[in-house]
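Shown next, in structure tokens, is the structure this report addresses.
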Amino acid sequence: MDFNAFVLSKGDKGQELAWRSMAETELMDGDVTVRVSHSTINYKDGLALTGKAPVVRRWPMIPGIDFAGTVEASTNAEFKPGDAVILNGWGLGETHLGGYAQLARVKGDWLIKRPAGISAAEAMAIGTAGYTAMLCVMALERHDVTPASGPVLVTGAAGGVGSVAVAVLDKLGYHVIASTGRASEADYLKGLGAKEIIDRAELGAGPGRALAKERWAGVVDAVGSHTLANAIAATRYGGCVAACGLAQGMDLATSVAPFILRGVTLAGIDSVMAPKARRIEAWDRLARDLDKSALAAMTVTRPVADAPALAPDILAGKVRGRVVLEIG
Ligand code: NDP
């Protein structure tokens, strides 16, 4: 059976992207074949589509690190035709043919059943960005950051990870401080539940002191670099900083002072290889702790044909919230 997909290939002039027909036999090994209905664009998809970072490690590649769809064929005991499934990460769009395709073949171990109450479109409105935001919130909880501990800072707040983190933390009762470079998005962020908005230049303009005035008990950081260093420096005694992103940079110049003098925890968050049990917990939590109205407010829907145009925009921090891509 033939199907259509975006295919990234490497030629003399660098990488090229084309929407084209593929034969099912071109799919990679896997025990479950999925009819994909929706995908999304995350920061990493922007890197892959533009070639700005070496995300793609197999050529040709179908980009797309996420998909939602319905099982078409399965030799995996856990899945049967008709099951509604989600896939986030596991090398999809990097080393294994990804989600910007009408058909995907993957290892059943990578799939999770789509929770009742979340549609395929909503699952991709959440996507890796939203699931990662929930992994960050769960890390704060594991380190005893509760709404009573004090405010939680969310950096890159108007982006995908940030928007979901703001909405979830507000619903859980936290006082959310949103850091953004887009002052024009203050009302949007307040609508999602942010109680205070700060200018991202406050934390990201340059290196600061190793210890600053204690301001927040927890941090969800999607930005890295100076922003993360300054966020750690202003974390209260016993607090926790969940670091998941690098939108400002990969670097992190800090000192041990916040860790050894204030007992601050720096919790690293990886969504790609996260164990299945934690993924299922995160998706169950998203079904419970993310308001559908907040999710709708942060989401726009586009045809998958728009992905190439969205890629430079997401890297430039111009995409607000989340984008669902309809595969069609
Ligand atoms: P988005 O582009 O949607 O959000 C990133 C946000 O960061 C922007 O909206 C902007 O927010 C802010 N930002 C952008 N550039 C800069 C800059 N130069 N300095 C400071 N802030 C900046 O991306 P996602 O939400 O999809 O991903 C966010 C980050 O998290 C990425 O680095 C991504 O790679 C990472 N990530 C990591 C995962 C993991 O497994 N560890 C999984 C998912 C994402 P604002 O306009 O509000 O300032």
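One-based numbering, in listed order, for ligands and for the atoms of each. For the numbers below, each heavy atom of this structure counts, side chains included, while hydrogens, waters and symmetry mates do not.
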Taking only non-hydrogen atoms of Thr227, do any sit less than 4.0 angstrom from ligand 1? no
Check for me whether the distance between the ring centres of His96 and Trp110 falls short of 6.0 Å. yes
Checking heavy atoms under 4.0 Å, the part of Leu315 that sits near ligand 1 is neither
Tell me whether ligand 1 is touched by Ala157 - counting only heavy atoms on the residue side and a distance under 4.0 Å. yes
With a 6.0 Å cut-off (strictly less than), is the heavy-atom count around NZ of Lys276, excluding the residue itself, greater than 12? yes
How does Gln248 reach ligand 1, if at all, at less than 4.0 Å between non-hydrogen atoms: by side chain, backbone, both, or neither? both
Between Ile314, Val323, Leu246, which one has a non-hydrogen atom sitting closest to atom 2 (O) of ligand 1? Ile314
As a check for students: among Ser179, Ser271, Ala53, identify the option with a heavy atom nearest to atom 39 (C) of ligand 1. Ser271
Where on Ala247 is there a heavy atom closer than 4.0 Å to ligand 1, on the side chain, on the backbone, on both, or on neither? both
Interfacing atoms of ligand 1 (cut-off 4.0 Å, heavy-atom, Thr128): 42 (C), 43 (C)
With a 4.5 Å limit on heavy-atom distance, are the side chains of Val324 and Val300 in contact? no
Under 4.0 Å from any heavy atom of Asp270, which atoms of ligand 1 are there? 40 (O)
Show me which atoms of ligand 1 lie under 4.0 Å from any heavy atom of Gly245. 29 (C), 30 (O), 32 (O), 35 (C)
Can you list the ligand 1 atoms lying under 4.0 Å from a non-hydrogen atom of Gly160? 1 (P), 3 (O), 4 (O), 25 (O)
Determine whether any heavy atom of Lys44 lies closer than 4.0 Å to an atom of ligand 1. no
Going by the atom numbers of ligand 1, which of them fall below 4.0 Å from some non-hydrogen atom of Ala158? 47 (O)
Arg35 and Gln102, any side-chain heavy atoms less than 4.5 Å apart: yes
